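Notes to accompany the following structure.
Computed from a prediction, not measured in an experiment: that's the story for all the values here. Residue numbering restarts at 1 for every chain, and letters A, B, ... go by the order of the sequence lines.
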Number of protein chains: 2
Amino acid sequence: MAHQTVGHAVRPGLPDDPSAAVTEPDPACPVEITLAVLRGRWTTLVVRELLRGECTFTELREALPALSDKVLSDRLAQLTQAGVLIRHRRPGWPPRTRYQLTPKGRGLGPVLQALWDWGAEHHPPSPERP
Amino acid sequence: MAHQTVGHAVRPGLPDDPSAAVTEPDPACPVEITLAVLRGRWTTLVVRELLRGECTFTELREALPALSDKVLSDRLAQLTQAGVLIRHRRPGWPPRTRYQLTPKGRGLGPVLQALWDWGAEHHPPSPERP
DNA sequence: CAGCATCCATTCAGATACTG
DNA sequence: CAGTATCTGAATGGATGCTG
């Protein structure tokens with residue numbers, strides 16, 4: 001996206017940013033960064049579960065039964081890589097791993113709230129309405 | 001996603017929802033709804049352009065030169081379908097069509113702002129930060 | 001000018017099967 | 001328990017070419 005400098009007046013979603021004239025998707029754009037973290041099916045649900053408290057792999061699987069191991073694994077890696085959550089491994093057998101949001105991850109709360117708010121306000125019960 | 005009942009005081013589609021049990025992605029979830037609107041490469045950039053003011057097809061192409069006709073066309077259809085923008089066609093030749101955000105579309109401003117804020121706060125200059 | 005139709009390369013997610 | 005490896009079908013999105 002690379003949103004930036006929408007000028008100054010409006011909120012368009014972009015504060016006054018030094019860089020201007022970004023005319024194509026840019027991974028360094030804050031908006032892109034955030035969307036990249038949330039991208040992918042199941043991602044926000046996984047985050048939601050973790051916002052309730054730390055979980056193990058199995059607990060997440062139980063909370064989201066239709067989510068395959070592979071995708072869950074992918075999501076956890078993606079979120080870990082993004083610094084949104086941390087993995088606590090405990091040695092020994094059987095293995096136990098706890099997943100926990102970092103402060104950065106908890107910071108996604110307001111973001112999800114904003115997404116929720118818009119969706120809730122503009123799509124009450126009926127689908128599309130002019 | 002299917003984040004539930006934020007109720008009133010609680011966080012996002014986060015935990016604490018009585019009607020829990022939403023255990024898989026649900027198109028009716030407000031969070032899903034919003035992400036569906038913003039989904040796809042170039043989408044937020046197109047919205048950003050329109051937040052600056054109404055545009056014609058060509059103006060958008062010029063503002064985003066690397067965006068192909070097909071994808072621009074797709075995005076405009078997607079956003080129009082979502083009720084986020086309207087198309088004003090002017091009869092005659094040559095054709096002229098103006099695209100303008102609806103109030104609903106302008107409501108995306110705060111959403112983009114939230115996305116921007118998180119990205120800007122958590123990814124200052126360096127890529128990954130603990 | 002504004003745009004749709006086609007073709008193709010890439011990405012993604014679900015299913016299945018197998019380890020540390 | 002907590003994952004990874006592999007495969008496949010579906011969904012992108014970019015390039016190119018044509019029309020109302």
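The nearest whole Å value for the distance from the CZ atom in A:Arg39 to the C1' atom in D:dG13 is 13 Å. With rounding to whole Å, A:Asp69 atom CG is found 10 Å from D:dT4 atom P. Atom CG of B:Leu45 and atom P of D:dG14 are 12 Å apart (whole Å). Distance, B:Phe57 CZ to C:dG3 C1': 6 Å, rounded to whole Å. Per the geometry, CZ belonging to B:Arg87 stands 11 Å off P belonging to C:dA2, to the nearest Å. Taking atom CZ on B:Arg41 and atom C1' on D:dA11, their separation rounds to 16 Å, with Å as the unit. Whole-Å rounding puts the A:Leu60 CG to D:dC1 C1' distance at 13 Å. Across the protein-nucleic acid pair, A:Arg89 atom CZ and D:dG3 atom C1' stand 9 Å apart, rounded to whole Å.
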Q: Applying side-chain contact (heavy atoms from CB on, under 4.5 Å), run through B:Tyr99 and B:Val46 and close with a yes or a no.
A: CA-CA 11 Å; B:Tyr99 288 94; B:Val46 170; over 6 Å; no

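The CD atom of B:Glu32 sits 11.0 Å away from the CH2 atom of A:Trp116 when rounded to the nearest 0.5 Å. A distance of 11.0 Å separates CG in B:Leu72 from CG in B:Leu45, rounded to the nearest 0.5 Å.
Residues B:Leu67 and A:Ser73 both approach DNA chain D. Their nearest nucleotides, taken by heavy-atom distance, put A:Ser73 toward the 5′ side. Closest-nucleotide positions on DNA chain C for A:Trp93 and A:Ser68 were compared, and the one nearer the 5' end corresponds to A:Ser68.
Between C:dA13, D:dC1, C:dA2, one nucleotide has an atom nearer to the side chain of A:Val71 than all others, and that is C:dA13.
Between A:Trp42 and C:dG14 there is a side-chain polar atom (N or O) within less than 4.0 angstrom of OP1 or OP2. Contact check, B:Tyr99 against C:dC1: no side-chain N or O comes under 4.0 Å of OP1 or OP2.
Side chains of A:Arg75 and A:Thr43: a donor on one and an acceptor on the other come within 3.5 Å. Between the side chains of B:Gln78 and B:Asp74, no donor N or O sits under 3.5 Å from an acceptor N or O.
Within 3.5 Å, no donor on the side chain of A:Lys70 pairs with an acceptor on the base of D:dA5, nor the reverse.
Looking at heavy-atom distances under 4.0 Å, A:Arg90 makes no contact with the nucleic acid at all. Contact annotation for A:Arg75: backbone-only contact, meaning every heavy-atom pair under 4.0 Å involves sugar-phosphate atoms and none involves a base.
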